[in-house]
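Before any comments, here is the structure.
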Amino acid sequence: MITMQTLLTGWHFMRWFRLAISIFIGVQAIQNHDAFLGMFAAFFLYQALTNTGCCGANGCAVPTAKNNTSNIEDVNFEEVKTQQINK
């Protein structure tokens, strides 16, 4: 569900760019009576309004692993010897 908070906040360059693309493609779809272009326009408009998509700003980035080296403790190893049984 789209909230007013989502619609009104967080407008950065890529969001404005998606909105401009959707308006341009939407006008072209209306002028050419092309439903396929209209679907593309609706897709970009959806991305702009909901601030979703995979365009920049780490949209597709894998989260970086946190390096917690401060919690590493020294490990003590103990050598275990077994007796060999002669048959």
Side-chain angles (χ1 to χ4, degrees):
M1 183 172 174
I2 301 172
T3 63
M4 287 301 283
Q5 175 94 18
T6 305
L7 289 174
L8 300 176
T9 60
W11 283 88
H12 46 80
F13 173 74
M14 285 308 297
R15 212 166 158 187
W16 284 107
F17 184 69
R18 287 187 206 117
L19 181 64
I21 294 261
S22 69
I23 292 171
F24 176 76
I25 294 174
V27 168
Q28 292 298 313
I30 292 170
Q31 287 178 349
N32 295 327
H33 303 286
D34 191 353
F36 191 66
L37 278 178
M39 286 187 275
F40 271 124
F43 173 70
F44 281 109
L45 182 63
Y46 173 78
Q47 283 186 336
L49 293 178
T50 60
N51 197 18
T52 58
C54 194
C55 299
N58 291 328
C60 289
V62 177
T64 56
K66 294 180 180 176
N67 191 2
N68 293 333
T69 57
S70 61
N71 295 336
I72 296 177
E73 298 177 11
D74 288 336
V75 178
N76 294 327
F77 293 99
E78 183 177 323
E79 186 174 335
V80 178
K81 294 183 181 182
T82 60
Q83 293 180 348
Q84 190 175 21
I85 300 175
N86 293 332
K87 294 183 181 181

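Just the heavy atoms: all of them, side chains too, but no hydrogens, waters or symmetry mates, feed the values below.
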>> So, using side chain to side chain contact (heavy atoms under 4.5 Å, CB included) as the criterion, who are the partners of F77 when residues are at least two apart?
In response: V75
>> Nearest 0.5 Å, please: how far is CE in M14 from CG in N51?
In response: 10.5 Å
>> So, using side chain to side chain contact (heavy atoms under 4.5 Å, CB included) as the criterion, who are the partners of L19 when residues are at least two apart?
In response: W11, W16, S22, I23, L45, A48
Would you mind writing out the side-chain donor-acceptor pairs for residues 35-43 within the sub-3.5 Å range, not counting sequence neighbours?
none

> Run the side chain to side chain contact (heavy atoms under 4.5 Å, CB included) check on R18 and L49 step by step: do they pass?
Replying inline: CA-CA 9 Å; R18 287 187 206 117; L49 293 178; over 6 Å; no
>> If the condition is side-chain hydrogen bond (donor to acceptor under 3.5 Å, both in side chains), which residues does D34 pass it with, not counting sequence neighbours?
In response: none
>> Hydrophobic clustering (ILVMFWY, side-chain heavy atoms < 4.5 Å, transitive) - are I30 and F24 grouped together?
In response: no
